[in-house]
Amino acid sequence: MRASLYKQGSPHVIKKFLAAFSLGLLLLAVILGLVGYRTNRVLEATVTELFNRQQLILARQIAHDIRNHFSFLETSLLTLDSLRPSGITGLAEAKDMDRVFQLLAGWNIEALGHAPLNGSGALAVTADGIVHGQELTAILAGSRAWVNSQTDGDTVYIGPDIVPQDGPFAGRHIVVMAARTSGNPDAPSSGLDFLVIDALAVAQRYAREIRSGETGYAWVINQDGIFLSHYEDRFLGQSAFSVRGERNPQISYSRINELMAEKLLKGEEGMDWYVSGWHRGITAEMEKLLAYSPVHYAGREHPELLWSVGLTAPTTEVFGILRPFLLQQWFVTAVSVLLALSVLAAVIYLSLRWAELLHREVDQKTADLRVERDKVQESMTRLLEAQEHLVRSERFAAVGEAASHLAHEIKNPLLLMGGFAAQVRRGLAGEDPQAEKLRGKLQIIEDEAKRLETLLREVSGFTKPCKPDLIPQDINQAVLDTVRLVESDFSERGIECVLELSHDLPAVPFDKNQIQQVLLNLAKNAGEAMPSGGKIHFRSWHQGETVMVSVQDTGMGMPSEVLERIFSPFFTTKAKGTGLGLAVSFRIMEDHGGDIGATSTPGQGSTFVLTLPLAPSTIAVPK
């Protein structure tokens, strides 16, 4: 007994064990995946932070170099007074200025000059030659006003980045640097020395060639948000607030524009990110990291004179740094998962080998039981079919016997009443109203007698069925003959017959007269269901070992409670119906070994489907 229970319980226990073990390994794999994902996120955030801090260091260095550049030029400007010969109130000769200009030419200056404080007589040396007087007036206005307000000769004026509209520097970004000159000791306010600095050249000198990672780059904007340095030349001198949108208008640049307005142009330093529409020849929406640092090129005591350095690189730069670490991590995770799966496979293999003998015995017994069960089910199915057929036959026989007896008892008196009524009606003469009323009543008796005679004939046909003469033939021909019988009448009533017959049907054994009687009955019922006209669809098709024929109307349809009883004898919804038409049709289909079924939707119509077997039925037809 114990051995039997053990054999029956072991497979179940093994399955539960394997399921639990598999679930455990699956959870382990999920946990490893989640840990790996979490680690990746933390690692990505850490490396992104480190990468952006590296960018910030570079941005600070660029800002520091630019500030040192201006500091050197400040120092150089203050030493010009020592180069001036004693007792002369200006750089007396152009060759003296030219000599100094050549010394400073490598520091991105456009001009070196001297100007008196009265507004006339300015002189400057440029790479293209000497520039005189009025051509310099516009750019020296701010510096003259500042120098006149100073008493200390050791301070330097540095102006904002400007773009003159005319003169020798028209259309170019320049910064003017000026210092008061002592000249003749007896004339301490004799004039000012000045430098004109190329702002674009200075910014690009320290930012253009800087790279962050593989493809990141630096840019510099001035106090108005104008690009002074960018790796794309067409951005130079353009507004950083609008030129990006002109390059790729499909992208929203609200974040970078807000960063520039609220952070960069207010002298702040920090790190952030923004969405861009391109990067070094690639046009696509992408996220970029940004580090920024201010350039107080005139010193922090002049916060309004501000440039800002930005270093930017796409986030894919970070992924490039992370790739080796991620590959290593996912390799370890994959090895762990494969090891777990290998253990699972080994356990399953050993468990299956161990349970194989038990499974064979259980499977054999299960198969034997299934065979016995199928035999019992088949026997029960046959028994139920036979019982159902017997009950139906007995029901029809009982109804038929009662109907036959009533028909026999009623037929002769009915004929006598109908005949006598006709004789009396024909014998009544006269045109008086009383005679006319009697003739009308006798006509009613005569008509009702004829209707009852018709009912008796139908009852006789129902109670004495004929055995069908099964001959293999074309079912479509029976459908076509039926349509020919009714289409003339249907056409007058606004009813259209639609044929959808399959042309590759095999021959099926059936009694043409009886099947045509069924089709005619269904067609008439369909026509009566459409008093205002409609369509009747006749279809035929081949399905498995049967041929199917359907009759579908677009009439009033039937509720479910009527649909359940339509094949019962003497059940009818018609005012003058006998309730035997569909019952006879059902019996004819049963005698053919086939079937008849119906579906209906109120307001949408009904469909009747006939099923005829390709092989003659073995069901005996009641005598």
*Asks:* Under 6.0 Å between ring centres: does that hold for F72 and H69?
*Replies:* no
*Asks:* Can you find a heavy atom in the side chain of Y292 that is under 4.5 Å from one in the side chain of L311?
*Replies:* no
*Asks:* Identify whether the distance between the nearest side-chain nitrogen and carboxylate oxygen of E268 and K266 falls below 4.0 Å.
*Replies:* no
*Asks:* Identify the two heavy atoms, one from G159 and one from L305, that lie closest to each other, and give their separation to 0.1 Å.
*Replies:* C-CD2, 3.9 Å
*Asks:* Below 4.0 angstrom, N of the basic side chain to O of the carboxylate: do E258 and K263 qualify?
*Replies:* no
*Asks:* Starting at CG of N52, measure out to CG of L290 and round the result to the nearest 0.5 Å.
*Replies:* 7.0 Å
*Asks:* For residues V609 and M548, determine if any side-chain heavy atom of one lies less than 4.5 Å from a side-chain heavy atom of the other.
*Replies:* yes
*Asks:* Are D504 and S502 close enough, and set up right, to give a side-chain hydrogen bond (donor to acceptor under 3.5 Å, both in side chains), and what steps lead you there?
*Replies:* CA-CA 6 Å; D504 56 351; S502 176; 2.5 Å; yes
*Asks:* Which residues pass the side chain to side chain donor-acceptor pair (under 3.5 Å) test with Q604, not counting sequence neighbours?
*Replies:* none
*Asks:* Quick one: CZ on F51 to CG on L56, what's the gap to the nearest 0.5 Å?
*Replies:* 12.5 Å
*Asks:* For a 4.5 angstrom cut-off between non-hydrogen side-chain atoms, does L306 reach H296?
*Replies:* yes
*Asks:* Quick one: side chain to side chain contact (heavy atoms under 4.5 Å, CB included) partners of A203, sequence neighbours excluded?
*Replies:* V220, L228, S229, W307
*Asks:* Verify whether the ring centers belonging to F235 and W278 lie closer than 6.0 Å.
*Replies:* yes
*Asks:* Please tell me if the side chains of Q55 and R53 come closer than 4.5 Å, counting only heavy atoms from C-beta onward.
*Replies:* no
*Asks:* If you apply the rule side-chain contact (heavy atoms from CB on, under 4.5 Å), what do you find for M177 with I197, and how did you get there?
*Replies:* CA-CA 8 Å; M177 183 181 292; I197 304 166; 3.7 Å; yes
*Asks:* Please determine whether side-chain hydrogen bond (donor to acceptor under 3.5 Å, both in side chains) holds for the pair T315 and E287, giving the CA-CA distance in whole Å, both sets of side-chain angles, and the decisive distance to 0.1 Å.
*Replies:* CA-CA 6 Å; T315 54; E287 287 187 5; 5.0 Å; no
*Asks:* Which distance, rounded to the nearest 0.5 Å, do you find between the NZ of K288 and the OH of Y274?
*Replies:* 4.5 Å
*Asks:* Any salt bridge linking R180 with D193? Criterion: basic side-chain nitrogen under 4.0 Å from a carboxylate oxygen.
*Replies:* no
*Asks:* Working note: E232 + R247, criterion side-chain contact (heavy atoms from CB on, under 4.5 Å); need CA distance, chi angles, decisive distance, verdict.
*Replies:* CA-CA 11 Å; E232 290 197 29; R247 173 68 181 273; 2.5 Å; yes
*Asks:* Side chains of V196 and F169: does their closest heavy-atom pair fall under 4.5 Å?
*Replies:* yes
*Asks:* Show, in sequence, the C-alpha distance, side-chain angles and deciding distance for D272 and R255, and conclude whether the salt bridge (charged side-chain N to carboxylate O under 4.0 Å, His left out) test is met.
*Replies:* CA-CA 10 Å; D272 215 306; R255 185 177 180 85; 2.7 Å; yes
*Asks:* From I109 CD1 over to D198 CG, what is the distance, rounded to the nearest 0.5 angstrom?
*Replies:* 11.0 Å
*Asks:* Charged N to carboxylate O below 4.0 Å: is that the case for E74 and R67?
*Replies:* yes
*Asks:* Is the Y297 to H302 ring centre distance short of 6.0 Å?
*Replies:* no
*Asks:* Measuring from S308:OG to I221:CD1, what's the distance to the nearest 0.5 Å?
*Replies:* 5.0 Å
*Asks:* Are D233 and R208 within salt-bridge range, i.e. N to O under 4.0 Å?
*Replies:* yes
*Asks:* Can you give me the closest heavy-atom contact between K535 and T554, atom names plus distance?
*Replies:* N-OG1, 3.1 Å
*Asks:* R300: what forms a salt bridge (Lys or Arg N to Asp or Glu O under 4.0 Å) with it, not counting sequence neighbours?
*Replies:* none
*Asks:* Does Q223 reach the side chain of D161, with side-chain heavy atoms less than 4.5 Å apart?
*Replies:* yes
*Asks:* Do H279 and T215 have side chains that get closer than 4.5 Å, going by heavy atoms?
*Replies:* yes
*Asks:* Any chance you could measure M556, atom CE, to S606, atom OG, to the nearest 0.5 Å?
*Replies:* 9.0 Å
*Asks:* Answer yes or no: is there a side-chain heavy-atom contact under 4.5 Å between Y217 and I210?
*Replies:* no
